[in-house]
Amino acid sequence: MIQPLIALVDCNNFYVSCERVFRPDLLYQPVAVLSNNDGCIVARSQEVKDLGIKMATPVHQIKHLIKRHQIHLFSSNYTLYADLSSRVMQSLEAYSPHLEVYSIDESFLDLTGLCSHTSSRRNSIDYALQIKAEVFQNTGIPVCVGLAPTKTLAKLANYAAKKWHKTGGVLDLSDTLRRDKLLPLVPVNEVWGVGKQTTKRLHLMGIFTAHDLASQSVATIQSHFNIVLARTVQELNGIACLDLESIAPDKQQIVCSRSFKRRLTDEKELIGALTCFAQTAAEKLRHQESVAGSISVSIRTNPLSQTDAQYQRSGQIQLKQPTNDTRHIVRIAKRLLKEIFKLGYRYQKCSLQLGHIQPETQRQQMDLFSVSEQSSDSSTLMNTVDHINRRFPKAIAISAAGINNDWQTPVNYLSPRYTTDWDSLPGVT
DNA sequence: TCTGGGGTCCTAGGACCC
DNA sequence: TCTGGGGTCCTAGGACCC
């Protein structure tokens, strides 16, 4: 039987690399990309990591470092990142018939039988090096490749390929001898699926490295923790428990939420924000040809504020009849907001959540006594709106969404949409 | 003054049923 | 004093991921 071979291809400092593709002058400069609100650091170049700046650090805490080291900042340019991501994934498709796009910057590829026919490790390494070179050639994005018989080990191989430069950005952990050498060097919190809380408890049990965890009996871990971590132990030992999912399942919930640039106190302004969220969420819902059976809305003040009075509440409604009509969702959201809104608080964040999502085609039969809230021409109208908005973004919107939404996030360091907007195409002089 | 957003999965516990 | 047992469904909350 052929040993399975999974590759994890992960882009290096993805958002930063995207910015650098069009700004080669920044290649060896410290570069960071900021979160939606220009509030936190969400991507760092190696130079920034070397300064000891951690992921999700609030910008205001490191102003002095930004100034002293002249760190180049960028607001998140998701349009650009999404486009480059799809180009990376397109390049990868040539290398395996089974590909799972795991996130915006990484994919699992099933290479079983594709490059192990000589059973020499060199062969798989060559294949991975080829993948790496082609992605860079096609997109300008550097990647690292981890190879192993399970997803968890492939993640680990990728971690090591990134950390130890002499691997050349490619590492194969198919060989158990090699695993025995590497796993004792990897802190247990670097294992995929082991987070902060689990790490704390593992430390108390004297488990500090990936090797320590792999040596535990599955039953022990299952009894002290849960099935998820028990699977991780098996995966670390080369026994696959997690399948490659080449077909992305439909989303089970869709969330839209934002922190506001400034605190909102007026119900009208919250309605405006909520209406925007409802439009975005409903559009996503229709894009996967689904309807939602429940809607919930939540609002809160800033929990980190020492001076503001705190308030947080959410409300949910199960719909008699599932919908994907923006107008209907907006109506319900407004009604929910009315129920939970309290005057006199400074609201920092608001979110809208669609749940109980099901395929449109399986929309349940109405019961005998309910009156349809979704008119028969609804889907025609929504399709038309989506169609127009795809060509002319935000051309059609619900009026309550407002035009001057100054609660929206500041983008002080936004780069152009180099690849998706004619007027932003980089020129050559 | 300023601290991201969008997801998934699992578990415990309550309600309810027979 | 004793106060069934087993099953399902739903929800809230925790933990994790990128």
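Letters go in sequence order (proteins before strands), and every chain restarts at 1.
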Is the distance from OP1 or OP2 of [N] to the nearest side-chain N or O of [X] less than 4.0 Å?
X: A:S257; N: B:dG6; value: yes
X: A:R231; N: C:dC16; value: no
X: A:K155; N: C:dC16; value: no
X: A:R258; N: B:dG6; value: yes
X: A:R263; N: B:dT3; value: yes
X: A:H356; N: C:dC9; value: no

inquiry  = Measuring from atom OH of A:Y311 to atom CD1 of A:I299, what distance do you get when rounded to the nearest 0.5 angstrom?
reply    =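 Atom-to-atom, A:Y311:OH and A:I299:CD1 are 5.5 Å apart.
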Which part of the nucleic acid does [X] contact within heavy-atom distance under 4.0 Å: base, sugar-phosphate only, or nothing?
X: A:T198; result: sugar-phosphate
X: A:R201; result: nothing
X: A:V59; result: nothing
X: A:I254; result: sugar-phosphate
X: A:V33; result: nothing
X: A:K349; result: sugar-phosphate

Starting the side chain at C-beta, find the nucleotide from [options] nearest to [X].
X: A:S259; options: C:dC18, B:dG5, B:dT3; value: B:dG5
X: A:V42; options: B:dT3, B:dG5, B:dG4; value: B:dG4
X: A:P58; options: C:dC18, B:dT3, B:dG7; value: B:dT3
X: A:Q318; options: B:dC10, C:dC17, C:dT11; value: C:dT11
X: A:N226; options: B:dT11, B:dT8, B:dT3; value: B:dT11
X: A:Q253; options: B:dT8, C:dC18, B:dG6; value: B:dT8

Report, one pair per line, the protein and nucleotides 13-15 of chain B atoms (nitrogen or oxygen only) whose separation is under 3.5 Å.
none

P gap between C:dC18 and B:dT3, integer Å =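 Comparing P positions in C:dC18 and B:dT3 gives a spacing of 25 Å.
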Given [X], which partner from the list [options] fulfils the side-chain hydrogen bond (donor to acceptor under 3.5 Å, both in side chains) test?
X: A:R286; options: A:T326, A:N383, A:N324, A:D325; result: A:T326
X: A:R300; options: A:Q348, A:Q312, A:Q310; result: A:Q348
X: A:S294; options: A:Q253, A:Q318, A:Q353, A:H356; result: A:H356

task = Hey, can you tell me if A:F341 and A:Y347 have their rings parallel, tilted or perpendicular (30° and 60° cut-offs)?
result =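 Rings of A:F341 and A:Y347: tilted, 30 to 60°.
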query = According to the Watson-Crick and G-U wobble definitions, with both distances under 3.5 Å, which nucleotide is paired to C:dC18?
reply =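 Its partner is B:dG5 (Watson-Crick or G-U wobble, both distances under 3.5 Å).
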query = For the ring pair A:Y102 and A:F108, is the centre-to-centre distance below 6.0 Å?
reply =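 That pair passes the under 6.0 Å test.
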ask   = More 5' along DNA chain B: A:Q252 or A:T307, using each one's nearest nucleotide?
value =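 Between the two, 5'-proximity favours A:T307.
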task = Specify the residue among A:C40 and A:I227 whose closest nucleotide of DNA chain B lies further upstream toward the 5′ end.
result =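 With A:C40 and A:I227 compared, the 5'-side residue is A:C40.
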task = May I ask you to say whether A:E339 pairs ionically with A:R313, meaning some side-chain N is under 4.0 Å from a carboxylate O?
result =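 Salt bridge flag = no for A:R313 with A:E339.
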ask   = Can you check the A:E283 CD to B:dG6 P distance for me, whole Å?
value =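 Spelled out: CD on A:E283 to P on B:dG6 is 14 Å.
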query = Roughly, in whole Å, what's the span from CZ in A:R262 to C1' in B:dC2?
reply =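 Rounding to the nearest Å, CZ of A:R262 and C1' of B:dC2 are 16 Å apart.
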Heavy-atom pair with the smallest gap, counting every atom of A:K349 and A:R258 =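 Between these two residues, the closest heavy atoms are CG-O, 3.2 Å.
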